[in-house]
Amino acid sequence: MALPMLAAGASAKEAKGWWSEECWDTETLVSLGAKPPAYNKNAKVYEIGAPEQLLYLSGSWKSADTNKDGVPDAPRDGHYVLTADIDMGPLMEKIGQAIAKASGGEAEGWMPPISANKDETAGKTDGWFKGKIDGQYHTISNLRICRSEEKYAALVGYLGDETFASPSIRNLGLVGKCEGPVRNCLSYMKVKAKELTGGLIGSIETGGAVENCYVGGSLTVSNGDGPVSGGGVAGAFAAAEFLKNTVSVVKKVEGEEGAALSGNQPEKHPNRAIFQSANAKVLQSRDQYEKELKWNFKNTWAWVGEPDAGYPMPAGFVKAGNAPELKVAKDLAVEEPVLLLDDLPVNWAAKGTQPSIKVRLLLPEGKKADSLKVFYGRSPEKLTDSVDVPEGGAVRLPLKDPGQYYYCAAAVVDGETVTVPTDTSAPLPLELDDGVIDANPREILCQVDETYAQVNLNWLTDPAVTDSKVWYRAKGENDWQAVKGESVLHYLTKGWEETQSHSAVLTGLKAETTYEYAVGGTCRGKDCRSAVHSFTTLPNEAEYGPLEGTGWCVIGDASFVFINADPYSGKKGANIEADRAKFFAEQTAWAKKVYEEADCTWRIMAAHVGTYIVNFNDPAGYPSIREGRQRTDPNSMSSTNMTLPSA
């Protein structure tokens, strides 16, 4: 048996027809032999035991009950299980013949992805998969997925949706977009796509995490538009949680038809260790997985082959007797020059030191480098200086003046240049510290709390500033009071662009009173303070509105109203759009009443998101914003024009 072989490529390019669509309608699927999965009423699961049933799941979800068994044919929140190994080969051949007959040209058989028709206007029963798929350690073989023009090319194109449901796919291999955890998975396949191409996942995004996974095979990115994203494990890693203890034995990652793989460090995490290279002996050793990476070989994983010449396999496949045989190369020989920097890139050096850069050049047997250098300079667009890398690979950059530098490494082998980063227009940053600490607080934020008696203060400093403090007094008083605050070290990647954030709370304040304050902390044993600022507390007439997150207050001749622009009841099955419209109407009617009673020149409304964007899809449905009155302040150069949605 073999794990799924997923590929995205062009099918017949002749006259347009059903075969050229990214998703096929139910009528077309049925004409190709597709059949609904069988519903097991006792277990409350949809059973998939034949290729035709897997084909039926492709494209749009089917909420109709055509076979009259009392449940939808294939709902997007269903629980699906594989009851047998599925060989898609004969059905793929049959589909290929149907495409060839309809298009008049030769074509391979394929099927659209499951749950890949998600778009911004998709209906509520369309698109994203919200249910469960359990392979029960069965395998799907000889499957081809084609999606040449759109995103989400995978067996399951889009997992999850905006309601934070918890879909799951287990005991089955995937490629696709990940916004949740992927653990203890094996992927061994051939993938070809236009963008965001990975051996395990196309893109790991917010909330996504990958841990303890084994990835092999090969992948090709086909895009004539220049730089694209592709990788042995994932094509992109965007604001995800982590990727760790994952092994890639992908034979080749390449671009074709004008595609260029960038292969650069992420700009926001330039000092993060993306990977560690390992030789064949390490990659084929059970000890590496069990003792070093701490994979669970008691319950989750099994080992195939000799202890020093094998590979890991999910234990369920081995116990079920369905373990696919992986064609893992024994020597993993280097076929092309590979240039690497330290596992942890150097991006900072202390004042008066010379940063050490370690370069590793891996060459095919019998090859020799013509040159190996590290280029560096002040501008990322132009690296003006270079140093030769000696035998052993470690070189020191002779930097003298503190400041920001950039660098990359380049090797010439048989007239061909290999660089790291691959895209030399974005070299690695390196800061030579000047030793100076700027202890001045910055980005000071003063916020009212639930009542006039409390004010919250937040500010940022250099990480060397600790022991947060606020000094304050009522204006006109002589003595300062001190309040101790709290601080937290923040960073995208530890050791790179770190910032200390501080916060403190002032309590027991008087209404409609002006206070002076300064924020700061301790740096090298000395107090450091900001300049003196001031705030005036709210009047005691501040009240709340009809919903949580709403309120109002009057300050001087200005009336402030705060609304919650995106509320809904949260009840299961609730009509979100209707709820939002109802609550929005209640809030705007209340706001109109507040403004009229306050009778202030300035009427100001604030919301945490744009009210029209959230509550109105069609600009034609916007309420009138001309209702209100216009007043002119004789002591001001400005006039105010009240802009309220109509109640």
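As the structure is a prediction and not an experimental result, all values here were calculated from the model. All values below come from the heavy atoms of this structure, side chains included, with hydrogens, waters and symmetry mates left out.
- Ring geometry for Trp24 versus Trp18: interplanar angle over 60°, hence perpendicular rather than tilted (30 to 60°).
- When side chains are defined from C-beta on, Leu341 counts as touching Val359, because their heavy atoms get closer than 4.5 Å.
- For the pair Asn347 (side chain) and Pro429 (backbone), a donor-acceptor distance under 3.5 Å is present.
- Residue Gly199 comes nearest to Val215 through the heavy atom pair C-CG1, 3.6 Å, listed as atom of the first residue, atom of the second, then distance.
- Between the Ser285 side chain and the Val282 main chain, no donor and acceptor come within less than 3.5 Å of each other.
- At least one side-chain heavy atom of Asp73 sits less than 4.5 Å from a side-chain heavy atom of Tyr56.
- Gln136 contributes a side-chain N or O that, together with a main-chain N or O of Leu82, makes up a donor-acceptor pair within less than 3.5 Å.
- In this structure, Leu186 and Leu326 have side chains that are in contact, with non-hydrogen atoms separated by less than 4.5 Å.
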Given the rule in the side-chain contact (heavy atoms from CB on, under 4.5 Å) test, do His138 and Phe317 qualify, once you have shown the distances and angles that lead to the verdict? CA-CA 7 Å; His138 290 292; Phe317 286 101; over 6 Å; no
Item to complete: Give the intermediate values and the outcome of side-chain contact (heavy atoms from CB on, under 4.5 Å) for residues Asp134 and Val45.
Response: CA-CA 10 Å; Asp134 186 351; Val45 298; over 6 Å; no
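- When every heavy atom of Pro37 is checked against every heavy atom of Tyr80, the shortest pair comes out as CG-CE2, 4.1 Å.
- Checked by atom type and distance alone, the side chain of Arg360 never pairs as donor or acceptor with a backbone atom of Gly393 at under 3.5 Å.
- Side chains of Val233 and Cys213 form no contact here, defined as non-hydrogen atoms less than 4.5 Å apart.
- Atom CD of Glu498 is surrounded by more than 12 heavy atoms from other residues, nucleotides or ligands within 6.0 Å.
- Considering only heavy atoms from C-beta on, Lys94 stays 4.5 Å or farther from Leu32 through its side chain.
- Using bins of under 30°, 30° to 60° and over 60° for the plane-to-plane angle, the ring pair Phe297/Trp301 lands in the tilted bin.
- For Ala100, the side chain to side chain contact (heavy atoms under 4.5 Å, CB included) criterion is met by no residue, not counting sequence neighbours.
- In this structure, Tyr214 and Ser187 have side chains that are not in contact, with every pair of non-hydrogen atoms separated by 4.5 Å or more.
- The shortest non-hydrogen separation linking Leu29 to Ser58 is CD2-OG, 3.4 Å.
- Listed here is the closest heavy atom pair of Pro421 and Tyr407: CD-O, 4.4 Å.
- Taken to the nearest 0.5 Å, the CG atom of Leu362 stands 13.5 Å off from the CD atom of Glu335.
- With Asn245 contributing its side chain and Asn212 its backbone, the two residues share no donor-acceptor pair below 3.5 Å.
- With contacts defined as side-chain heavy-atom distances shorter than 4.5 Å, the pair Met88/Leu91 qualifies.
- The two residues Thr419 and Ala410 have their closest heavy-atom pair at CG2-CB, 4.0 Å.
- Taking both residues in full, the closest heavy atoms of Leu283 and Tyr289 are given as O-OH, 2.6 Å, listed atom of the first, atom of the second, then distance.
- Once rounded to the nearest 0.5 Å, the distance linking CG of Asn142 with CE of Met92 reads 9.5 Å.
- With sequence neighbours excluded, no residue satisfies salt bridge (Lys or Arg N to Asp or Glu O under 4.0 Å) with Lys252.
- A distance-only check finds a donor-acceptor pair linking the side chain of Asp423 to the backbone of Ser425 [under 3.5 Å].
- Evaluation of the salt bridge (Lys or Arg N to Asp or Glu O under 4.0 Å) rule for Asp65 yields no partner, not counting sequence neighbours.
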Open item on the list: Could you go through Glu211 and Trp295, starting from their C-alpha distance and side-chain angles, then the distance that decides it, and tell me whether this counts as side-chain contact (heavy atoms from CB on, under 4.5 Å)?
Closed with: CA-CA 10 Å; Glu211 183 177 17; Trp295 288 17; over 6 Å; no
Given the rule in the side-chain contact (heavy atoms from CB on, under 4.5 Å) test, do Ser141 and Asp85 qualify, once you have shown the distances and angles that lead to the verdict? CA-CA 8 Å; Ser141 59; Asp85 296 336; over 6 Å; no
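- For the pair Met111 and Leu54, the minimum side-chain heavy-atom distance is below 4.5 Å.
- Judged by distance alone, the side chain of Gln53 and the main-chain N or O of Gly49 form a donor-acceptor pair under 3.5 Å.
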